[in-house]
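Worksheet: one structure, shown below.
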Amino acid sequence: MRDGPATCQSPSNMSHVRVRFAPSPTGFFHIGSARTALFNWLYARHTGGVFILRIEDTDKERNRDQFLNLIYDSLTWLGLDWDEGPKAGGAFGPYRQSERGEIYRAAVQKLVAAGRAYEKDGAIWFKLLGERHEVYDEHRKKTVTKVGVPPVVIQDLIRGRVERVEDEDFVIVRSDGSPVFHFVNVVDDIAMKVTHIIRGEDHLSNTSKHVLLYDGFGVKPPAFAHIPLILKSPEMGQGKMSKRDKGALIEEYQQRHFLPEALVNYLSLLGWNPGDNREKMPIAEIVQLFDLPGVNQSNAKFDGKKLGHMNMLYLLEQPADRFADLAREYFRQQPGGFAALADEAYFREVMLLAQPKIKSIDELAAYTVYFFADDFPIDAKVKEKVMAKGDPKARLDELLAALPAADFSSDAAIEEALKRLATEKGLGFGDYQAVARLAVTGTNAGPSITAIFRVLGKERVLRRLGAFLAGN
RNA sequence: GUCCCCAUCGUCUAGCCCGGUCCAGGACACCACCCUUUCACGGUGAGAACCGGGGUUCGAAUCCCCGUGGGGACGCCA
């Protein structure tokens, strides 16, 4: 205490963890990429380290600006802010590999000078050290040169010790002069002082090449943490989830107006858990508890239903103002959605009724049609069922006779009026509720009938009851 | 085909490292009931798993081996 606040943040306390997320803009941004980005971000935030975004755009053929923007948009939407990278700057830039040509050329020269790289067929190859012999590869249907080398040992933070034999020279610069992934990846991780490489398990087999390259540069490799993959759900089929699978794209959830915090929470639980039974957790708490040794080793299947449930949990607890904001944005993009937004006060009333009932924002239009249009659809099945029970037309008549004198100023007043009517006729509330709901909303699902009456207003309710009776 | 990783309810997982407290806990989904003015929410309950075989041990979901299954990698893609 007597040291004062100035010494609280001593340099020895400061983390020097540097992690990076290194996507390539060659396709849509999907769940798997998002989860890898998330785990890197979580680790950076947990340790007080630095989260770097690096764009691996060395594949000129397949790069698209559209995909690049999608990376920025998706990360931003998810709340995964990067400390260094495009748009953020940093001391180790540029952060797009397409702009780092000089750095790679120098790195190649270094390896060539050290006798660890050579040219063949116009490409530059990384040279393994050891005895060479030719062998025919059945799988690849060609003769390859094997090098007698000891296995590469990888110390993985999640998987422990992994051994793998890497026994062939491999290309680091293509014959067109462009450097390949393995090479630029390692060069950049060295240049950007990356301390922990957190990536999908599909890269585990590549890691032996990477370790060899670090060795070639005379640099000690960083810590590796290969996280489990996200597989297709049983309905989607077999194998790891790909961008082509339904529900695999971050963009989809953004368009469906899912809450990003719900998606992030769900994703954090794929391969990690807080150690107790909690699932819905604020991001700050996840940051606090997340650590690499806590990550699972086995792949997880994506479950859209559970994501939906998480989304509902978050939706339920949103303040009315934020819910209205989200809903407004949604209706603006909805065909004909302007009708819902015509009267702000009325819109807010309807949203108050809808919020506790829906599971996701994109159900809103269908759930609230009858509040905003008189030509709402009538559910044929529900109609058949309701009209077959008791004497619904008589109930409608009675409603039409009793309601004009009723007080519509509050749910309680409407409830009282309806109950009085029911008692008078020796019937139950339910005898009126079902048919009234059908006539006024066209369905059997929704908020309480009293709330619907109140928000719709007496005039509109009477008009719909009358019209329904006349038409049936 | 070769190499690497993995293996608890249909799914996500706790437990496994440091064997007994586990006839295996939670969540999603499913079913039943309750709440109720419909539909949701919520509540209660049911069904549902230690992949198989060997070992080690007094004792194994937990440790070891083999098999099987799942996943991944074997590109001048990333």
Side-chain angles (χ1 to χ4, degrees), chain A residues 22-27 56-59 61-63 97 120-125 137-140 144 151 154 156 158-160 162-168 170-182 184-185 199-209 226 228-229 231 233-235 238-240 266 269-280 293 296-310 312-313 316 354 356-359 363 367 382 386 415 418-419 422 428-434 436-438 441 443-452:
Chain A
S24 62
T26 54
E56 307 222 330
D57 52 353
T58 55
D59 185 350
E61 301 290 306
R62 299 195 300 151
N63 286 331
Q97 292 184 331
K120 191 181 94 184
D121 304 331
I124 313 273
W125 298 67
D137 186 310
E138 294 282 351
H139 185 63
R140 285 178 290 174
V144 295
I154 300 147
D156 193 280
I158 293 167
R159 277 149 223 290
V162 177
E163 250 187 45
R164 191 170 180 279
V165 176
E166 189 70 50
D167 59 0
E168 287 175 37
F170 52 90
V171 168
I172 54 175
V173 180
R174 302 183 188 93
S175 45
D176 70 357
S178 61
V180 307
F181 160 74
H182 302 296
V184 294
N185 198 265
R199 61 184 10 166
E201 199 230 58
D202 49 345
H203 285 290
L204 188 52
S205 310
N206 294 328
T207 306
S208 46
K209 282 192 179 75
H226 286 95
L229 265 21
L231 270 28
S233 64
E235 309 88 68
Q238 296 277 298
K240 75 169 169 172
Y266 172 73
L269 262 16
L270 246 34
W272 175 85
N273 68 80
D276 52 34
N277 282 332
R278 277 177 310 161
E279 296 197 324
K280 181 173 173 295
N296 292 153
Q297 302 175 305
S298 48
N299 296 340
K301 291 194 173 98
F302 179 80
D303 184 354
K305 285 232 180 75
K306 189 148 187 174
L307 204 205
H309 179 257
M310 187 64 80
M312 181 200 71
L313 259 26
L316 243 28
K357 299 286 199 166
I358 60 165
K359 287 185 105 124
E363 292 173 10
Y367 196 80
V382 171
V386 171
E415 183 173 340
L418 288 174
K419 281 194 168 148
F429 195 123
D431 293 304
Y432 292 92
Q433 189 272 143
R437 182 182 293 279
L438 174 66
T441 74
T443 174
N444 66 343
S448 76
I449 193 68
T450 54
I452 292 172

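Quick caveat: nothing in here was measured; it's all calculated off a predicted structure. Below, all heavy atoms of this structure are taken into account, side chains as well, without hydrogens, waters or symmetry copies.
With hydrogens and angles ignored, the 3.5 Å screen pairs no side-chain donor or acceptor of A/Asn299 with any backbone N or O of A/Pro228. Of the possible donor and acceptor atoms, none in the side chain of A/Asp121 sits under 3.5 Å from a partner among the backbone N and O of A/Ala123. No donor-acceptor pair closer than 3.5 Å links the side chain of A/Arg174 to the backbone N or O of A/Val180.
Spacing between B/rC41 and B/rC34 at atom C1', rounded to whole Å, works out to 14 Å. Going from the P atom of B/rC33 to that of B/rC63 covers 43 Å, rounded to whole Å. When the P atom is used for both B/rC74 and B/rG19, the distance is 39 Å, rounded to whole Å. Rounded to the nearest Å, the gap between the P atom of B/rU11 and that of B/rC30 is 16 Å. A gap of 31 Å separates the C1' atoms of B/rG59 and B/rG47, to the nearest Å. Using P as the reference atom, B/rA60 and B/rG54 are 13 Å apart when rounded to the nearest Å. Here the separation of B/rG1 from B/rC58, taken at their C1' atoms, is 47 Å to the nearest Å. Spacing between B/rA14 and B/rA61 at atom C1', rounded to whole Å, works out to 12 Å.
Side-chain atoms of A/Phe181 and A/Lys209, non-hydrogen and from C-beta on, never get closer than 4.5 Å to each other.
Note on A/Leu269: only backbone sugar-phosphate atoms sit closer than 4.0 angstrom, heavy atoms only; bases stay farther off. Among the protein residues, A/Asp121 comes within range of the nucleic acid bases, having at least one heavy atom under 4.0 Å from a base atom. If you check every strand for non-hydrogen atoms under 4.0 Å, A/Lys357 touches a base. Residue contacts shown for A/Gly271 are limited to sugar-phosphate atoms, with no base heavy atom under 4.0 Å away. Looking at heavy-atom distances under 4.0 Å, A/Gly428 makes no contact with the nucleic acid at all. At a threshold of 4.0 angstrom between heavy atoms, the contacts of A/Ser298 are confined to the sugar-phosphate backbone, with no base atom among them. Residue-level contact check: A/Asp156 touches neither bases nor backbone, having no heavy atom under 4.0 Å from any strand. A/Ser24 comes within 4.0 angstrom of sugar-phosphate atoms only, judged by non-hydrogen atoms across all strands, and of no base. Across all strands shown, A/Arg159 has heavy atoms under 4.0 Å from sugar-phosphate atoms exclusively, and none from any base. Nucleic acid contact for A/Pro23: none, since no nucleic acid atom lies under 4.0 Å from a heavy atom of the residue. If you check every strand for non-hydrogen atoms under 4.0 Å, A/Glu415 touches a base. As judged by a 4.0 angstrom heavy-atom cut-off over every strand, A/His203 is placed among the base-contacting residues. Heavy atoms of A/Glu279 sit under 4.0 angstrom from at least one base atom. Note on A/Gly446: a base of the nucleic acid sits closer than 4.0 angstrom, heavy atoms only.
Across all strands shown, B/rC17 remains unpaired; no Watson-Crick or G-U wobble contact has both distances below 3.5 Å. Applying the Watson-Crick and G-U wobble criteria (two distances, each under 3.5 Å), B/rC33 pairs with B/rG43. Across all strands shown, B/rA73 forms a Watson-Crick or G-U wobble pair with B/rU2, both key distances being under 3.5 Å.
A salt bridge links A/Arg140 with A/Asp137: at least one charged nitrogen is closer than 4.0 Å to a carboxylate oxygen.
Side-chain contact, A/Ser298 with A/Asn296: no donor N or O sits under 3.5 Å from an acceptor N or O. Side-chain contact check for A/Ser448 and A/Thr450: at least one donor-acceptor pair (N or O, by modelled atom type) lies under 3.5 Å.
Once you apply a 4.0 Å limit to the heavy atoms of chain A, the touched nucleotides of RNA chain B run 5' to 3' over B/rG1 to B/rA78.
A/His309 meets the ring-ring contact (aromatic ring centres under 6.0 Å, His included) test with no other residue; sequence neighbours excluded.
Both A/Asp202 and A/Lys301 lie close to RNA chain B; mapped to their nearest nucleotides by heavy-atom distance, the more 5′-ward contact belongs to A/Lys301. Heavy-atom nearest nucleotides on RNA chain B were determined for A/Lys240 and for A/Pro228, and the one closer to the 5' end corresponds to A/Pro228.
A cation-pi geometry, defined here as NZ or CZ lying under 6.0 Å from the six-membered ring centre and within 45° of its normal, does not hold between A/Lys357 and A/Tyr367.
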